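Excluded from the calculations below are hydrogen atoms, water molecules and symmetry mates; all remaining heavy atoms, backbone and side chain alike, are included. Every number for a ligand or one of its atoms is a count from 1 in the order of the listing. Quick caveat: nothing in here was measured; it's all calculated off a predicted structure.
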Amino acid sequence: MVIGIGIDKMVKPEILAVSGYAAGKSKEALKKEIEISLDDIIKLDSNENLYGCSPRVQAALGANPYFNFYPDAEQTELKELLAGYAGVSPDAIIAGNGSDQLIEFIVNLFVGKGDEVINSVPTFDVFRFKTQLAGGTVVEVPRDENFNIDVAAIKAAVSDRTRLIVLASPNNPTGTITPQADMLEIAELGLPFLVDEAYVEFSGETMTSFVERYPNMMVLRTFSKWAGLAGVRIGFGIVPVGIADIVHKMRLSYNVNAAAVIAVRETLQDLDYLRANVEKIVQERERLFVELGKLDFIKPFPSRANFVYCSVLRGNASDIKNMMEKKGILIRYFNLPLLQNSLRIGVGKPEHTDAIIRALKEIGEGISD
Ligand SMILES: *Cc1c(COP(=O)(O)O)cnc(C)c1O
């Protein structure tokens with residue numbers, strides 16, 4: 001036995017081949033780069049909720065004396081709470097450490113080596129990432145110039161290796177929603193069909209009720225965005241009962257922690273407050289869209305989520321993102337074949353819109369034609 005040969009060489013090749021998923025920058029990381037306090041950083045790069053979570057969540061977490069005990073492995077109360085919120089039966093509910101984890105679970109249920117997943121790009125990169133880690137192949141079906149999906153091309157992409165069709169609506173990073181009729185046309189194909197509705201509270205149009213009618217449909221939702229609980233990690237899915245049973249069998253007993261269960265309980269007691277914040281964000285999104293449109297070097301796209309996607313018409317999106325960071329504002333930039341020279345800016349409070357527009361105006365003055 002030769003000592004010293006790295007065991008990394010023994011990792012499964014399908015894992016070694018995959019490029020990682022790039023998450024947004026943390027406030028702590030930016031604080032290390034520039035002179036700024038954490039409270040002064042405006043973080044709008046990960047579609048988080050700048051109104052925060054319900055104050056009831058904070059109080060209940062601080063007061064809970066039971067963190068020494070594991071949460072309920074059966075997730076009985078959690079499933080009932082989530083089912084009540086979604087308006088479905090608890091048997092149809094799966095819960096995860098963020099909906100990210102549920103994407104992982106669902107991909108792993110259906111996709112193995114050589115299998116295909118149909119993905120309408122550009123979209124959330126986790127679909128690609130998890131498919132490739134499972135040894136599968138992503139079949140990319142491009143969206144049109146306004147980022148609407150191409151249903152005919154999706155149908156044409158189906159092969160005998162297709163195991164899953166995924167779709168985010170509203171889509172990240174473009175903010176586009178897919179009309180219900182298009183989603184039903186895809187559902188009619190009868191293949192496992194995953195609709196990721198991470199932003200549905202901001203768009204108001206959910207496919208949840210169709211899961212009962214289409215035994216191949218699965219809908220994922222999350223408390224990260226609308227409920228301000230991104231850091232607590234709680235997502236859920238509405239899936240056919242048979243699939244829920246299989247997910248419960250394969251998941252680890254405590255994949256949702258006790259703090260997240262408390263957070264869900266308290267959040268659902270404070271819906272009026274949280275929905276009022278969602279309404280404020282939706283209004284602010286429209287104002288941000290109008291104000292961005294007034295800048296001659298930026299073209300914003302209409303959004304149904306809590307962010308606005310923009311093409312940069314003059315100048316370089318990466319430079320603009322860096323200059324914004326120097327001013328303490330974190331936003332996302334892309335420069336990919338289908339997301340050329342573009343920015344994604346989260347929607348915060350009115351003062352954040354003002355700060356973004358002020359900063360972009362200053363930056364715009366320095367960009368020559
Ligand atoms: C943010 C986001 C998620 C992840 O949500 P978590 O519940 O925080 O894991 C899932 N899908 C899309 C499209 C997202 O943008």
Evaluate ring-ring contact (aromatic ring centres under 6.0 Å, His included) for F193 paired with Y214, printing each intermediate quantity in order.
CA-CA 9 Å; F193 179 31; Y214 288 87; 9.0 Å; no
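- The residues K31 and E28 are annotated as not salt-bridged, no charged nitrogen and carboxylate oxygen being separated by less than 4.0 angstrom.
- Of the charged side-chain nitrogens involved, at least one lies within less than 4.0 Å of a carboxylate oxygen, so that E33 and K25 count as a salt-bridged pair.
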Protein N/O near ligand 1 N/O, under 3.5 Å, which pairs?
residue	atom	partner	partner atom	Å
ligand 1	5 (O)	S99	OG	3.1
ligand 1	7 (O)	S99	N	2.7
ligand 1	7 (O)	S99	OG	2.9
ligand 1	7 (O)	T222	OG1	2.5
ligand 1	7 (O)	S224	OG	3.4
ligand 1	8 (O)	S224	OG	2.6
ligand 1	8 (O)	R233	NH1	2.7
ligand 1	8 (O)	R233	NH2	3.4
ligand 1	9 (O)	S99	N	3.1
ligand 1	9 (O)	D100	N	2.9
ligand 1	9 (O)	D100	OD1	3.2
ligand 1	9 (O)	R233	NH2	2.8
ligand 1	11 (N)	D196	OD1	3.3
ligand 1	11 (N)	D196	OD2	2.5
ligand 1	15 (O)	N172	ND2	2.7
ligand 1	15 (O)	Y199	OH	2.6
ligand 1	15 (O)	K225	NZ	3.3

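- Residues that satisfy the side-chain hydrogen bond (donor to acceptor under 3.5 Å, both in side chains) test with Y85, not counting sequence neighbours, are E201.
- N306 places no side-chain N or O within 3.5 Å of a backbone atom of N49 that could act as its donor or acceptor partner.
- Using a distance-only test at 3.5 Å, with no hydrogens or angles considered, no donor-acceptor pair links the side chain of R163 to the main chain of V117.
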